[in-house]
Amino acid sequence: MTSLLADIAVNAPVRNLFSYRVPAALAEKLRVGARVQAPFGRRSIVGVAVRLYQGDGSELKELRDCLDEAPLLDDQLLRLLRWAADYYHHPFGQVIKNALPGGLMRSSGQTGIATEYLYRRINRDICPAGRRQQQILSWIEQQGGAAAGQIRAEFPSPTTVLKRLVELGCLEQSEGERLRDPFLLEPVPSDKQLTLNDAQQQALEQMIDALSARRFQSFLLHGVTGSGKTEVYLRAVADCLQQGRQALILVPEISLTPQLVSRFRARFEPLGEQIATLHSGLSGGERYDAWRAISRGQVNIVIGARSAIFAPLPQLGLIIVDEEHDGSYKQGEGFRYHARDLALVRGQQQPCAVVLGSATPSLASSYRCEQGSCTLLLLPERVHAGALPAVELVDLRTEALRGVLAESLITAITTALEQRQQVLLLLNRRGFAPFLLCTDCGTSFHCPNCEITLTYHQRRRRMICHYCDYQDQVPDICPACRGESITPQGAGTERLEEDLAGLFPAARIARMDRDTTRTKGSHQRIVNGMMAEEVDILVGTQMIAKGHDFPNVALVGVLGADSLLNLPDFRCAERSFALLTQVAGRAGRSLGGGKVFIQTYHPEHFSLTCAATHDVEGFYQQELPFRRELGYPPCGHLVNLIFSGNNGDQVNNSATQLARRLQAVAGDVEILGPSPCPLTRLRGKYRYQILLKSPSRPPLRRLLFAVDNAAAELPRQVAIHIDIDPLDMF
DNA sequence: AGCACGCCGACT
DNA sequence: GTCGGCGTGCTC
């Protein structure tokens with residue numbers, strides 16, 4: 001006896017598919033790519049149908065329901081997800097869950113309408129005692145009521161305080177649909193059509209060639225900052241749309257690159273094109289709306305962050321990955337995929353053109369060009385002919401520091417301010433000071449969950465862990481020696497801001513880091529302040545190096561460049577070089593002749609000297625032999641196995657045992673470790689890692705199945721995470 | 001992941 | 001004697 005059967009990728013961390021009988025009532029409706037509700041053990045879970053076929057299903061259970069009239073995932077997308085599940089060795093159902101807008105794989109089966117609590121001030125005569133309660137309450141009152149999400153954006157973890165305020169009777173709590181506030185209500189910016197220079201024109205022609213042939217081809221668009229990459233993107237997208245096909249643009253983080261979104265809106269909205277954005281700032285409902293609009297074919301341009309690589313565009317013709325070197329394209333937890341790498345795969349499968357753009361291409365992409373699998377397109381000049389800035393490496397071994405600033409940098413800032421030019425200072429460490437120390441007895445303060453010191457935040461009068469967000473009051477007297485000499489050590493952006501205020505009392509100083517850009521629109525406010533020249537000095541973390549273009553910045557200073565070089569990671573030179581080159585490119589964009597000062601104890605290090613001379617090619621030539629010699633990417637391939645658990649010895653023993661088992665079947669694969677992770681203890685868990693290294697991928701892949709087998713015999717309290725092509729080893 | 005089953009310590 | 005700890009196994 002034969003009946004209709006379905007293979008289901010279920011939302012559970014299991015590697016295999018599960019087969020079910022399709023009841024007659026669903027046979028008409030059910031399609032591959034649709035979600036289903038299925039009995040699973042004693043419970044009922046959501047899954048996606050990935051195969052329908054005839055067979056004998058007498059021993060199988062029946063599907064309970066089909067949740068979608070039209071499939072959520074088309075065949076093309078399922079194929080990509082299948083490939084990704086395979087490559088990243090991650091359960092198919094979990095991969096699908098990552099691709100779909102949030103909530104769609106939850107067992108409750110509800111679709112995208114998300115609700116949250118809304119709060120409103122009532123009973124004005126009741127006044128709470130706590131300072132934090134008062135703060136939050138008066139803020140809510142000022143806003144005329146607020147949603148939980150908005151409050152959370154303003155104050156860290158306010159849930160308990162809110163609960164207390166409701167209990168006291170001065171806040172009213174209600175539940176409502178989460179506010180949808182798409183940026184599409186904002187006015188369309190005006191477009192400026194720019195003429196292309198020769199290099200831009202040539203790059204565009206090669207892209208158009210691939211577009212019209214409708215073949216897969218990947219390009220690395222390597223253009224210095226200000227060389228007009230965006231205009232090339234715009235033209236290529238226009239060509240793609242003209243063919244009746246669609247374009248997908250990936251950016252590291254949308255909230256940091258509103259200028260790119262504006263340019264696209266300015267160019268294409270007047271032509272009647274709808275643009276959708278996909279990013280983490282979207283509420284569940286907004287994301288669901290966008291997703292459905294895209295899959296119905298109503299949207300021809302999608303701009304989004306990492307997960308937008310899974311946007312369900314049915315007629316995809318072009319994928320652009322802007323700032324392709326950016327590490328945020330790699331997801332660091334759970335399903336650890338790399339969106340740029342998947343873009344290349346999706347392009348190949350489609351087939352369609354893929355453009356990777358950067359001023360500082362990743363070694364991986366440069367290497368692909370060298371190997372001939374990617375076409376290099378060079379934009380060597382700045383569009384407005386502004387010369388690249390002169391970079392000076394300030395040797396801290398010979399030059400004195402005043403606070404955190406070298407004398408020569410202070411002089412340069414003074415000059416810039418006198419000439420009414422703006423200054424940008426990069427210090428890649430937020431807070432006031434990286435740790436507090438009792439200078440009487442040497443006690444310092446550590447996070448109870450992580451192996452790291454607590455960062456002192458003066459503004460908030462707290463010590464905070466930058467990894468798990470643990471917070472504590474700063475003690476007045478040392479808990480060990482009862483002394484009163486607890487002093488901040490080292491400097492973060494907060495302290496730099498304060499020092500500058502002392503050195504340049506007349507200057508208007510702003511700070512941009514995670515602490516000052518917590519709330520919606522605050523990042524944009526700081527950017528606007530810079531644009532309007534209401535700010536003389538902008539202090540910030542690497543955030544200031546990304547995306548925006550400040551035309552009146554004449555001087556850039558980099559402090560603490562060495563901390564980037566000293567990370568325990570083979571890619572730290574590449575990352576330093578990219579960051580320094582990016583931030584250096586911020587100087588003198590319209591004026592020409594900007595200056596950059598980089599303070600360092602290693603002025604001879606090639607990632608600094610190459611950044612100083614804007615020598616991307618030179619950096620590549622020096623870094624590659626080192627990677628080749630050690631078999632590191634892009635010359636070899638890595639897999640990181642991360643073991644974690646509450647009991648350090650148990651984690652260590654498990655890792656050791658597994659390493660021994662792997663050793664027996666390693667073949668060509670080098671097995672390094674186990675060793676403690678650079679952050680041995682993180683969020684209360686002890687962590688060890690085993691690094692697998694191999695000149696080719698197939699033996700690595702084979703070894704993963706041995707990992708599965710061996711892992712089944714480890715204690716359950718030890719979790720194993722597999723990171724394919726790890727970007728950083730934290 | 002859940003949710004069962006199963007086997008050992010402290011309670012009415 | 002049982003209530004409940006969490007270690008182990010399975011889900012079509």
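Only heavy atoms go into these numbers, but all of them, side chains included; no hydrogens, no water, no symmetry mates.
No option in A:Asp725, A:Asp728, A:Asp723 other than A:Asp723 meets the salt bridge (Lys or Arg N to Asp or Glu O under 4.0 Å) test with A:Lys330.
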Nucleotides 10-12 of chain C: which of its N/O atoms have a protein N/O under 3.5 Å away?
from   : atom 1 : to      : atom 2 : distance (Å)
C:dT11 : O3'    : A:Gly41 : N      : 2.8
C:dC12 : OP1    : A:Pro39 : O      : 3.0
C:dC12 : OP1    : A:Gly41 : N      : 3.4
C:dC12 : OP2    : A:Lys61 : NZ     : 2.3
C:dC12 : O3'    : A:Ser19 : O      : 3.0
C:dC12 : O3'    : A:Lys61 : N      : 2.9
C:dC12 : O2     : A:Ser19 : N      : 2.6

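If you take CD of A:Glu713 and P of C:dG7, they are 19 Å apart, rounded to a whole angstrom. Rounded to whole angstrom, the span from the CG atom of A:Leu714 across to the C1' atom of C:dT8 amounts to 14 Å. For A:Gln717 and C:dC6, the CD to P distance is 11 Å, given to the nearest whole Å.
Heavy atoms from other residues, nucleotides or ligands lying under 6.0 Å from CZ of A:Arg697 number more than 12.
The cationic group of A:Arg701 does not satisfy the cation-pi geometry with A:Phe705, failing either the under 6.0 Å distance to the six-membered ring centre or the 45° limit from the ring axis. In this structure, A:Arg82 is positioned above the aromatic face of A:Phe92, its NZ or CZ under 6.0 Å from the six-membered ring centre and within 45° of the axis.
In this structure, A:Val299 and A:Trp291 have side chains that are not in contact, with every pair of non-hydrogen atoms separated by 4.5 Å or more.
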